[in-house]
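Reminder, nothing fancy here: chain letters follow the sequence lines and each chain counts from 1. Just the heavy atoms: all of them, side chains too, but no hydrogens, waters or symmetry mates, feed the values below.
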2 protein chains.
Amino acid sequence: MQFSKSTDYALHALIHLAQAESHKNIGVRELSTILSVSESYLSKIMAKMRKDGIVRAVPGVKGGYELAKSAENITFLEVIQAIEGRQQMFECSNLNSKQHQLLAELNRTERSTKTKTTDRGECLVKKVMDGAEQHLHQYLREHTIQSVLDQAIKHCGHSTNKK
Amino acid sequence: MQFSKSTDYALHALIHLAQAESHKNIGVRELSTILSVSESYLSKIMAKMRKDGIVRAVPGVKGGYELAKSAENITFLEVIQAIEGRQQMFECSNLNSKQHQLLAELNRTERSTKTKTTDRGECLVKKVMDGAEQHLHQYLREHTIQSVLDQAIKHCGHSTNKK
DNA sequence: CCTATTACGGACCCGCAATATCCATAATAA
DNA sequence: TTATTATGGATATTGCGGGTCCGTAATAGG
Ligand code: SF4
Ligand code: SF4
């Protein structure tokens with residue numbers, strides 16, 4: 001139950017991209033040195049984000065990466081999902097155990113005639129866990145790269161600014 | 001970013017213990033058959049929960065497991081933590097990168113004279129992720145084994161009850 | 001006391017995914 | 001044309017989740 005280091009790198013890379021001037025590509029070289037991580041590895045991470053439309057890449061000399069959209073439109077959730085994938089936190093692993101038969105059955109009785117859409121026979125345990133995931137996602141959706149940048153700037157508020 | 005299967009098993013085992021009669025020990029044998037999982041493996045899982053005071057075990061003939069406290073006092077959170085451990089979801093992995101120096105520094109400036117307690121120099125990124133974890137924990141704290149049992153009973157409401 | 005039953009804990013194995021590196025190729029600016 | 005840069009595939013390495021086995025201890029019942 002932990003986020004991978006790749007997610008860590010991804011977030012940091014995005015922050016660095018965000019506080020750079022727009023339309024100025026930043027190479028993996030520069031990113032890797034400032035993050036203390038190898039270029040090769042970081043490439044794979046950036047590739048994932050590119051496929052999910054978070055960053056844009058241009059090859060060739062003077063090429064590099066830039067944000068594919070404004071920083072306030074990049075949520076923590078989509079970054080995490082781009083890196084970690086989109087599988088659910090809780091996957092039922094004993095769908096054919098006696099336990100599941102019982103729990104799923106009595107959950108099906110009440111809505112037997114009403115909802116027949118996507119009735120996969122899930123029990124209350126899964127409901128709770130899925131709820132947890134939804135809450136987490138909601139929180140992560142509300143926080144963007146820009147939001148941490150704002151708070152950082154507000155905190156220092158006077159110097160140490162690039163542009 | 002997924003819960004382990006062990007957590008799945010643990011929750012199901014607890015539910016089975018909860019709906020059994022009190023002071024009636026249930027052996028790993030019975031639990032393993034109903035959950036479709038090997039005895040050896042389930043033993044390890046039960047052992048973890050025993051160490052965290054969730055279940056109580058008695059060896060010997062007619063021994064087995066029972067809940068160490070009432071079902072409404074067993075939250076999802078403590079079960080998960082008993083199995084998965086208590087490490088944080090987001091562990092800073094580049095505390096000595098240039099990036100960290102910058103972000104942590106300007107976060108320290110404002111409260112430089114005020115708070116000197118446990119100032120580990122954490123940045124906003126970590127703040128957000130820790131916040132996410134807290135939200136998740138809060139949600140999981142509000143759901144107990146009893147709560148899913150209640151809903152299950154309410155749903156069927158007539159038959160299929162053991163005692 | 002003896003025995004069957006049960007939990008306990010350590011040692012062990014396996015497979016896979018996270019981590020990380022290297023290289024060959026394509027694309028692009030100058 | 002050349003130097004630079006991203007891209008993608010192939011390939012180690014490592015740790016950990018998942019799973020089994022077995023010897024030991026404790027207990028109830030005879
Ligand atoms: S639906 Fe419920 S009982 Fe069935 S496998 Fe999932 S958590 Fe377990
Ligand atoms: S404190 Fe912030 S900048 Fe430092 S390693 Fe953690 S997330 Fe990264």
Problem set entry | Phosphate OP1/OP2 of C:dC8: any B:Tyr65 side-chain N/O under 4.0 Å | yes

Exercise. In whole Å, what is the span from the NZ atom of A:Lys51 to the P atom of D:dA6?
Worked result: 15 Å

Problem set entry | Side chain to side chain, B:Phe3 and B:Asp8, heavy atoms closer than 4.5 Å | no

Exercise. With a 4.5 Å limit on heavy-atom distance, are the side chains of B:Leu103 and B:Leu124 in contact?
Worked result: no

Problem set entry | Contacting residues from residues 36-48 of chain B, given that a heavy atom lies under 4.0 angstrom of DNA chain D | B:Ser38, B:Ser40, B:Tyr41, B:Lys44

Problem set entry | Phosphate OP1/OP2 of C:dA7 contacted by B:Arg50 side-chain N/O (<4.0 Å) | no

Exercise. Hey, does A:Asn94 have a side-chain heavy atom less than 4.5 Å from the side chain of A:Gln99?
Worked result: no

For this session: Report yes if some heavy atom in the side chain of B:His137 is under 4.5 Å from a heavy atom in the side chain of B:Gln81; otherwise report no.
Result: yes

For this session: Check the distance between C:dA7's P and B:Leu17's CG and give it to me in whole angstrom.
Result: 11 Å

Exercise. Under a 4.5 Å cut-off applied to non-hydrogen side-chain atoms, are B:Met49 and B:Leu17 in contact?
Worked result: no

Exercise. Which parts of residues 85-93 of chain B get close to DNA chain D, meaning a heavy atom less than 4.0 angstrom away?
Worked result: none

Problem set entry | d(CG, A:Asn25; P, D:dA6) in whole Å | 9 Å

Exercise. Is any side-chain N or O of A:Ser6 closer than 4.0 Å to OP1 or OP2 of C:dA18?
Worked result: no

For this session: Among B:Lys24, B:Arg50, B:Arg56, find the residue that satisfies the salt bridge (charged side-chain N to carboxylate O under 4.0 Å, His left out) test when tested with B:Glu66.
Result: B:Arg56

Problem set entry | Whole-Å gap separating C1' (D:dT27) and CD (B:Glu66) | 15 Å

Exercise. Is B:Tyr9 touching bases, backbone alone, or none of the nucleic acid, heavy atoms closer than 4.0 Å?
Worked result: sugar-phosphate

Problem set entry | 4.5 Å side-chain heavy-atom contact, A:Leu31 and A:Glu39 | no

Seminar exercise, completed: Here the distance between atom P of D:dT7 and atom CZ of A:Arg56, to the nearest Å, is 12 Å

Exercise. Nearest-Å distance, CG (B:Leu31) to P (C:dT6)?
Worked result: 12 Å

Exercise. Is the distance between the ring centroids of B:His143 and B:Tyr139 less than 6.0 Å?
Worked result: yes

Exercise. Taking side chain as C-beta onward, heavy atoms only, is B:His16 less than 4.5 Å from B:Glu30?
Worked result: yes

Problem set entry | Length of the CD-P vector between A:Gln2 and D:dC16, whole Å | 10 Å

Exercise. How close or far is atom C1' of D:dG18 from atom CG of B:Leu35, stated in whole angstroms?
Worked result: 16 Å

